[in-house]
Amino acid sequence: MFRPTLSRLLPLLAAGLLCTALPAQAQRVVRIVVPFGTGAVQDTIARAINNELGQALGASVIVENRAGAGGSVGSSYVAKSAPDGNTLVLAAASHHIVGHLYKKLDYDPLKDFVGVGYIGNSGYAIVAPAALGASNTREFIAAVKAKPGAYNYASAGNGSATHLGMASFVAMAGLDMQHIPMKSTGDAVNEVLAGRVQAVTSSLIGVMGYKDDARVKFIAYTGKQRSRFLPELPTAAESGLPGYSFDSWIGLLAPAALPRAELDKINAALQKTLADPAVQERLARLGVESAAMTPDAFHKLLRADWESSGATVKASGAKVE
């Protein structure tokens, strides 16, 4: 009986004439599409959870940036992807905002997606140059009203949450300010730091590093309640503009035809990920108040947000040609 010995097998292996009987099973690859550039807020959040989410799914979870047109380029790509759970989008308030601002999208932000996992909520801070001389909402409104049309505000681009957050503030306060769209939140914040514009509405992650910077003043927090990450900062509603609030949900969406079994699987993996203390700490540093939510509860949130974001866009007067 022929018995191969190591000395006889080595020449065959070296010549590439011997292969394994069964190839190793390829690991599943799941892509989280971020519809903004590298370093953007949603990009940072995606990278804060992808490793642990991959472990919970038994897959390799990678982050892929597809930026453009207020996030609609990346969202469109996911809407048209196979509904197999392998292509998700890290979405936030801007996902619905662009649906009301852009009239010629090739997808429906609500009907073409299903919410597979809620990650949390994030508010924004309104920041102004110290040279403006305003320290709170009331003083900011007074300073801008004193010079109608003289001041500008920057955002991360037309249709971004930072655009609508400030546009709705300006409209509600009856201010005359010009919108200056930039390529990212970081660029918009830099305009305020340099004193070239007089305000920006940024997620906390985008400005927390400047809270002790003498060049700027934190005017207000945009949420309904003060942030637990910046409790000393009053809300805009309590410090000069009653009734104003603006914040953002954050979550993972998939193509609408995703089977329920796969949806439940991803949701369970995400809830396990969010329960990880290391992930909780990372999200807290980003100003995200994370929480678990069932797919059905997330679906209700998305439908309600679609309606409310439409009303907010209309009230703000914001337009994207």
Side-chain angles (χ1 to χ4, degrees), residues 30-36 40-54 56-57 61-66 70-72 74-79 81 83 85-99 107-124 160-161 164-165 203-205 223 246-258 260 262-276 279-280 282-284 286-309:
V30 176
R31 289 180 294 171
I32 298 178
V33 173
V34 173
F36 296 95
V41 174
Q42 286 168 233
D43 177 68
T44 308
I45 292 171
R47 296 179 194 279
I49 67 169
N50 70 305
N51 286 335
E52 284 79 3
L53 180 60
L57 280 173
V61 176
I62 62 174
V63 178
E64 181 177 309
N65 300 87
R66 287 180 176 265
S72 62
S75 295
S76 175
Y77 174 80
V78 174
S81 296
N86 292 335
T87 307
L88 312 172
V89 61
L90 195 294
S94 56
H95 179 79
H96 285 162
I97 290 170
V98 297
Y107 66 94
D108 187 305
L110 185 66
K111 296 179 181 178
D112 290 343
F113 294 88
V114 61
V116 296
Y118 176 78
I119 294 173
N121 177 277
S122 177
Y124 298 76
S160 66
L164 189 63
S203 61
L204 292 185
I205 180 180
F246 185 85
D247 55 16
S248 175
W249 56 270
I250 302 158
L252 293 174
L253 310 182
L258 181 74
R260 181 63 192 230
E262 185 62 30
L263 186 156
D264 288 338
K265 179 180 178 180
I266 298 173
N267 181 269
L270 181 62
Q271 293 206 34
K272 181 178 180 180
T273 297
L274 295 177
D276 187 313
V279 173
Q280 291 177 356
R282 279 182 225 136
L283 292 175
L286 302 178
V288 176
E289 300 195 31
S290 61
M293 187 178 287
T294 66
D296 293 333
F298 190 26
H299 176 71
K300 290 180 181 179
L301 182 154
L302 291 172
R303 292 195 64 85
D305 183 74
W306 172 254
E307 297 298 329
S308 64
S309 63

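Every residue meeting the side-chain hydrogen bond (donor to acceptor under 3.5 Å, both in side chains) condition with Ser160, not counting sequence neighbours, appears here in chain and number order: Thr162. Here Phe36 pairs with nothing under the ring pair (Phe, Tyr, Trp, His ring centres under 6.0 Å) rule; sequence neighbours left out. Partners of Arg47 according to the side-chain hydrogen bond (donor to acceptor under 3.5 Å, both in side chains) rule, which considers only residues two or more places apart in sequence or in another chain, are Asp43, Asn65. For Ala46, the side chain to side chain contact (heavy atoms under 4.5 Å, CB included) partners at least two apart in sequence or on another chain are Ile32, Val34, Val63, Leu90. The salt bridge (charged side-chain N to carboxylate O under 4.0 Å, His left out) test applied to Asp264 returns Arg260, not counting sequence neighbours. Here Asp112 pairs with nothing under the side-chain hydrogen bond (donor to acceptor under 3.5 Å, both in side chains) rule; sequence neighbours left out. Remark: Val116 engages Leu88, Val114, Leu252, Ala254, Leu258, Leu263, Ile266 in a side chain to side chain contact (heavy atoms under 4.5 Å, CB included) (not counting sequence neighbours). Under the side chain to side chain contact (heavy atoms under 4.5 Å, CB included) criterion, Gln271 pairs with Asn267, Ala292, sequence neighbours left out. With sequence neighbours excluded, no residue forms a salt bridge (charged side-chain N to carboxylate O under 4.0 Å, His left out) with Glu307. Residues passing the side-chain hydrogen bond (donor to acceptor under 3.5 Å, both in side chains) test with Ser309 are His100, sequence neighbours excluded. Not counting sequence neighbours, the partners of Ser72 by the side chain to side chain contact (heavy atoms under 4.5 Å, CB included) test are Ala69, Leu105, Tyr107.
By the 4.5 Å heavy-atom criterion applied to side chains, Tyr118 and Leu274 are not counted as neighbours. Between His96 and Trp249 the shortest side-chain heavy-atom distance falls below 4.5 Å. The shortest side-chain heavy-atom distance between Arg31 and Tyr77 falls under the 4.5 Å cut-off. You'll find the side chain of Val288 stays beyond 4.5 Å of the side chain of Arg282, heavy atoms only.
Judged by distance alone, with hydrogens and angles left aside, the side-chain atoms of Asn121 form no donor-acceptor pair with the main-chain N or O of Glu289 at under 3.5 Å.
Between Ala257 and Pro83, the shortest heavy-atom distance links the atoms C-CB, 3.6 Å. Taking every heavy atom of both residues into account, Ser94 and Gln42 meet most closely at OG-OE1, 3.6 Å. Contact record, Gly99 with Pro109: CA-CG, 3.7 Å, taken as the closest heavy-atom pair.
Rounding to the nearest 0.5 Å places CD1 of Ile250 at 14.0 Å from NE2 of His95.
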